[in-house]
Amino acid sequence: LGFGDKTLKIIFLLGIVLFGAGLFLFKFEILSSLSLDETARLDSVTSLKTFAQNPTDPIQGTLQWLSLKTLPNHHIFALRMPTAYLLGATLALCGITLYLKFRNRYLPYTFAVLAASSPWMILLSHQGYVPGIDVLALVASITCAYFLITKSDINVKCKKLALMKATAATGLMAIQP
């Protein structure tokens, strides 16, 4: 078709993002009623005082509490979008780690397509094990920072920033119940 390598890469990345977003939004419509677990979750994160007494997931719970305060009439979106955001960030960090480990530029794209279309990831973004999503994001962040520091050719300033993020992720891992 006469497309350059860069153009094909951009088209492929946009296709992955649109496909993943379409699946998540489609599932939002299908699962538009809250399950019993999600109703209990809504009750536990609506009040900051109740959430602070038993935080099973400090990161995701805080994001859900903030989204409930920002969008008080959109309970489904406020409960599910922070989880989808954390899982998306986890997938991006895993893709970067795969690239840095194997130096194959097509491996992260293939991983992203498989992960975005995985029913397990879609189900996890809606009704997943709540503390596990925080831990998954933190472990992916620590692993990606390790590979950025040891396997990449970025400048020292960026490596120091990656070390700070890995340290923060390790500290957040320590406060997980």
Side-chain angles (χ1 to χ4, degrees), residues 8-32 34-35 37-38 41-42 45 55-71 74-102 104-148 152 154 158 161-162 164-173 175-176:
L8 287 175
K9 188 188 305 182
I10 291 171
I11 290 171
F12 192 61
L13 283 173
L14 286 175
I16 290 171
V17 169
L18 290 175
F19 181 69
L23 283 176
F24 280 121
L25 292 175
F26 183 64
K27 284 299 227 176
F28 274 123
E29 293 301 320
I30 291 175
L31 302 171
S32 61
L34 293 175
S35 68
D37 291 338
E38 289 173 321
R41 177 71 178 158
L42 180 64
V45 297
T56 58
D57 57 329
I59 300 167
Q60 183 185 5
T62 304
L63 289 175
Q64 287 177 336
W65 180 78
L66 286 171
S67 63
L68 280 168
K69 288 297 176 192
T70 306
L71 305 164
H74 302 283
H75 297 296
I76 295 169
F77 185 80
L79 279 181
R80 294 180 181 165
M81 196 58 195
T83 309
Y85 169 74
L86 281 173
L87 286 173
T90 301
L91 292 178
L93 290 171
C94 288
I96 293 168
T97 303
L98 282 172
Y99 174 74
L100 289 172
K101 173 66 178 160
F102 298 108
N104 182 338
R105 63 183 183 175
Y106 297 109
L107 187 62
Y109 303 137
T110 307
F111 169 76
V113 168
L114 292 175
S117 61
S118 168
W120 180 76
M121 290 305 279
I122 295 167
L123 184 63
L124 187 63
S125 70
H126 293 290
Q127 301 166 349
Y129 178 62
V130 172
I133 295 169
D134 282 358
V135 172
L136 183 67
L138 291 173
V139 168
S141 179
I142 292 168
T143 307
C144 183
Y146 169 76
F147 280 105
L148 276 173
S152 70
I154 60 175
C158 291
L161 185 62
M164 299 276 282
K165 288 184 178 185
T167 305
T170 306
L172 288 172
M173 184 73 81
I175 66 170
Q176 292 291 323

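For the atom pair Thr167 OG1 and Leu172 CG, the distance stands at 11.0 Å (nearest 0.5 Å). To the nearest 0.5 Å, atom CZ of residue Phe147 and atom CD1 of residue Ile142 are 13.0 Å apart. Remark: Tyr85 OH to Gln64 CD distance equals 14.0 Å, nearest 0.5 Å.
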Please evaluate residues Leu87 and Leu136 with respect to the criterion side chain to side chain contact (heavy atoms under 4.5 Å, CB included), reporting the C-alpha separation (whole Å), side-chain torsions for both, the decisive distance (0.1 Å), and the verdict.
CA-CA 8 Å; Leu87 286 173; Leu136 183 67; 4.0 Å; yes

Stepwise side chain to side chain contact (heavy atoms under 4.5 Å, CB included) check, Gln176 with Ile59:
CA-CA 9 Å; Gln176 292 291 323; Ile59 300 167; 4.2 Å; yes

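Annotation for Ser67 and Pro82: closest pair OG-CG, 3.7 Å, computed over non-hydrogen atoms. Contact detail for Pro58 and Asp134: the closest heavy-atom pair is N-OD2, 3.5 Å.
Results of the side chain to side chain contact (heavy atoms under 4.5 Å, CB included) test with Leu86 over Asp57, Leu138, Leu91, Ile133 single out Ile133 as the only residue that passes.
Applying the side chain to side chain contact (heavy atoms under 4.5 Å, CB included) test to Leu93 and every residue at least two apart in sequence or in another chain returns Ala140, Ser141, Cys144. By the side chain to side chain contact (heavy atoms under 4.5 Å, CB included) test, Ile154 pairs with Leu148, Ser152, Cys158, Lys159, sequence neighbours left out.
Atom CE of Met164 has 12 or fewer heavy atoms from other residues, nucleotides or ligands within 6.0 Å. With a 6.0 Å radius and a threshold of 12 heavy atoms from other residues, nucleotides or ligands, Tyr146 has its OH atom at or below the threshold.
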